[in-house]
Protein chains: 2
Amino acid sequence: MQQRSEITRKRIMEAATRLFANAGYNATSVDQICKEAGVSKGAFYHHFSSKQAIFVALFEDWIVALDDGMKEMHKENIPQTLLYLTNMIPLIFETADEHLPIVLEYWLLAGHDEVIRAAILAPYRHYQDLFAKLIEEGMAEGTLKTINPQAAAQVIVSLAVGLLIQGILDPKGADWQKVASESIQILMNGLGKEDIGLSL
Amino acid sequence: MQQRSEITRKRIMEAATRLFANAGYNATSVDQICKEAGVSKGAFYHHFSSKQAIFVALFEDWIVALDDGMKEMHKENIPQTLLYLTNMIPLIFETADEHLPIVLEYWLLAGHDEVIRAAILAPYRHYQDLFAKLIEEGMAEGTLKTINPQAAAQVIVSLAVGLLIQGILDPKGADWQKVASESIQILMNGLGKEDIGLSL
DNA sequence: TTTATAATACCGACCGGTCGGTATGTTTTT
DNA sequence: AAAAACATACCGACCGGTCGGTATTATAAA
């Protein structure tokens with residue numbers, strides 16, 4: 001078995017994910033992670049140089065997973081595509097449920113650390129550009145009003161971030177998928193050139 | 001002089017605000033706060049029962065300040081009122097600049113602590129209801145489409161939260177006041193019954 | 001007004017415990 | 001046997017909170 005090392009590493013990361021999500025980064029000790037993973041401290045520090053290191057690794061893993069999930073999202077037209085994206089929300093909340101609180105924590109650290117801030121700003125701008133391109137496509141295909149794509153993308157991203165934050169804070173406070181699709185529809189009736197009969 | 005006590009308390013809170021904003025809650029020790037405030041640890045624990053207590057006190061102060069700023073916000077019509085609110089953003093960023101990172105931290109803690117979550121959810125719902133009422137007024141005065149007020153309020157609050165988060169993370173990444181007013185206008189063209197010529 | 005009494009505000013040394021990280025030894029893989 | 005993977009014991013710094021005691025201020029009796 002050449003995999004033993006990888007298995008151990010994976011177990012450590014899974015344990016860390018669970019504990020970080022439950023109690024937060026600061027409230028979770030390396031010892032706890034080791035215990036949860038059924039692994040010694042030596043093993044931990046063999047795989048990760050520091051506590052922060054595993055945190056960063058977790059975040060990067062999540063970004064990759066998110067990007068994968070967004071690969072096949074194009075629908076017949078842009079409004080439909082945007083609306084379709086809201087269907088991903090429960091999926092995101094389900095599969096990445098444990099990652100979300102960690103992301104929030106990562107944002108927090110970004111506020112205090114220049115390096116981390118740069119790291120988190122990059123994927124964020126990536127998504128903003130992605131949406132801006134979608135808007136442009138929508139304008140090209142004639143389903144969207146003529147509008148500043150960057151500004152519109154900004155609105156969408158802000159909305160998404162806001163919904164995400166609230167979803168993290170108060171998961172059972174609302175049916176977030178429903179809220180998200182309603183929000184997009186409201187937004188769309190402002191963005192859409194005319195009523196194009198949006199439906200799920 | 002019974003004021004000595006109040007002065008001390010104020011100094012402690014100001015010092016804590018500064019340090020929390022710079023380094024974050026966890027990275028700031030009570031000793032540091034005392035040193036920054038030029039006060040002993042005994043004085044600190046005389047005024048605040050715990051480190052968490054001063055954190056909560058800081059948050060509550062901020063909410064009160066925010067509410068005060070929102071007192072006189074009604075304009076000639078609802079869309080104008082909403083648009084006007086975006087003018088408050090630089091003010092918020094200016095006066096509450098030091099509070100904002102703390103707020104993010106508060107959200108984070110809320111995710112792990114039931115009590116704190118309840119405390120933060122209350123004002124948040126307060127604002128949601130406030131906006132819902134504004135929407136209803138707008139419908140009544142005929143400047144807004146017929147729409148589910150709660151859903152529309154949700155969109156606005158989500159948007160606001162999203163903008164706030166981004167503003168905290170990347171204060172100089174954009175002219176957030178401009179972004180905010182553009183966002184509201186985009187949203188409004190979806191909410192507004194017809195083009196009513198919005199302008200600042 | 002002065003003095004006695006009580007209450008409040010403040011001081012700073014100290015403690016129990018935790019935590020991230022290391023040093024060193026043992027087992028497993030190559 | 002050499003190297004990688006893992007285990008155990010331990011260190012030193014730090015941190016939130018306590019506590020016995022001391023100023024300072026308010027209240028009231030003399």
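Quick caveat, the model's predicted, so the values are computed rather than measured. No hydrogens, no waters, no symmetry mates; every other heavy atom, side chains included, goes into these values. The sequence lines fix the lettering, A, B, ..., with proteins before strands; numbering per chain opens at 1.
- Contact annotation: the side chain of A:Asp61 never approaches that of A:Thr17 to less than 4.5 Å [non-hydrogen atoms, C-beta and beyond].
- Under the ring-ring contact (aromatic ring centres under 6.0 Å, His included) criterion, A:Phe55 pairs with A:Phe20, A:Tyr25, A:Tyr106, sequence neighbours left out.
- For the OP1/OP2 pair of D:dA4 and a distance below 4.0 Å, the side-chain nitrogens and oxygens of A:His47 include no atom meeting the criterion.
- Side-chain nitrogen and oxygen atoms of B:Ser5 include at least one within less than 4.0 Å of the OP1 or OP2 phosphate oxygen of C:dA9.
- A heavy-atom distance below 4.0 Å to DNA chain C is reached by none of the residues of residues 50-57 of chain B.
- Distances shorter than 4.0 Å separate none of the side-chain N or O atoms of A:His46 from OP1 or OP2 on D:dC6.
- With sequence neighbours excluded, the residues satisfying side chain to side chain donor-acceptor pair (under 3.5 Å) with A:Ser158 are B:Gln166.
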Would you give a per-nucleotide map of nucleotides 18-23 of chain D, 5' to 3', where B means the base has a protein non-hydrogen atom under 4.0 Å away, S means only the sugar-phosphate does, and - means neither? B-----
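- Straight-line distance from the CZ atom of A:Arg9 to the C1' atom of D:dC6: 15 Å, rounded to whole Å.
- Pairing each heavy atom of B:Lys51 with each of B:Thr28, the nearest pair is NZ-O, 2.7 Å.
- Phosphate proximity of D:dA5 to A:Thr8: absent, as no side-chain N or O sits under 4.0 Å from OP1 or OP2.
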Can you list, pair by pair, the side-chain donor-acceptor contacts under 3.5 Å of residues 32-41 of chain B, counting residues two or more places apart and other chains?
{"residue": "B:Gln32", "atom": "OE1", "partner": "B:Ser29", "partner atom": "N", "Å": "3.0"}
{"residue": "B:Gln32", "atom": "OE1", "partner": "B:Ser29", "partner atom": "OG", "Å": "3.4"}
{"residue": "B:Glu36", "atom": "OE2", "partner": "B:Arg18", "partner atom": "NH1", "Å": "2.4"}
{"residue": "B:Ser40", "atom": "OG", "partner": "B:Gly42", "partner atom": "N", "Å": "3.4"}
{"residue": "B:Ser40", "atom": "OG", "partner": "B:Ala43", "partner atom": "N", "Å": "3.2"}
{"residue": "B:Lys41", "atom": "NZ", "partner": "B:Asp31", "partner atom": "OD1", "Å": "3.3"}
{"residue": "B:Lys41", "atom": "NZ", "partner": "B:Asp31", "partner atom": "OD2", "Å": "3.4"}

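- Contacts between residues 28-39 of chain A and DNA chain C, counted as heavy-atom distances below 4.0 Å, involve A:Thr28, A:Ser29, A:Val30.
- In this model, no donor atom of one side chain and acceptor atom of the other lie less than 3.5 Å apart for B:Gln52 and B:Ser50.
- Taking the six-membered ring where the residue is Trp, the centroids of A:Tyr127 and A:Phe131 are separated by 6.0 Å or more.
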Given the rule in the side-chain contact (heavy atoms from CB on, under 4.5 Å) test, do B:Val64 and B:Glu60 qualify, once you have shown the distances and angles that lead to the verdict? CA-CA 6 Å; B:Val64 169; B:Glu60 284 169 353; 5.6 Å; no
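- Atom CG of B:Leu163 and atom CG of A:Leu159 lie 9.5 Å apart (nearest 0.5 Å).
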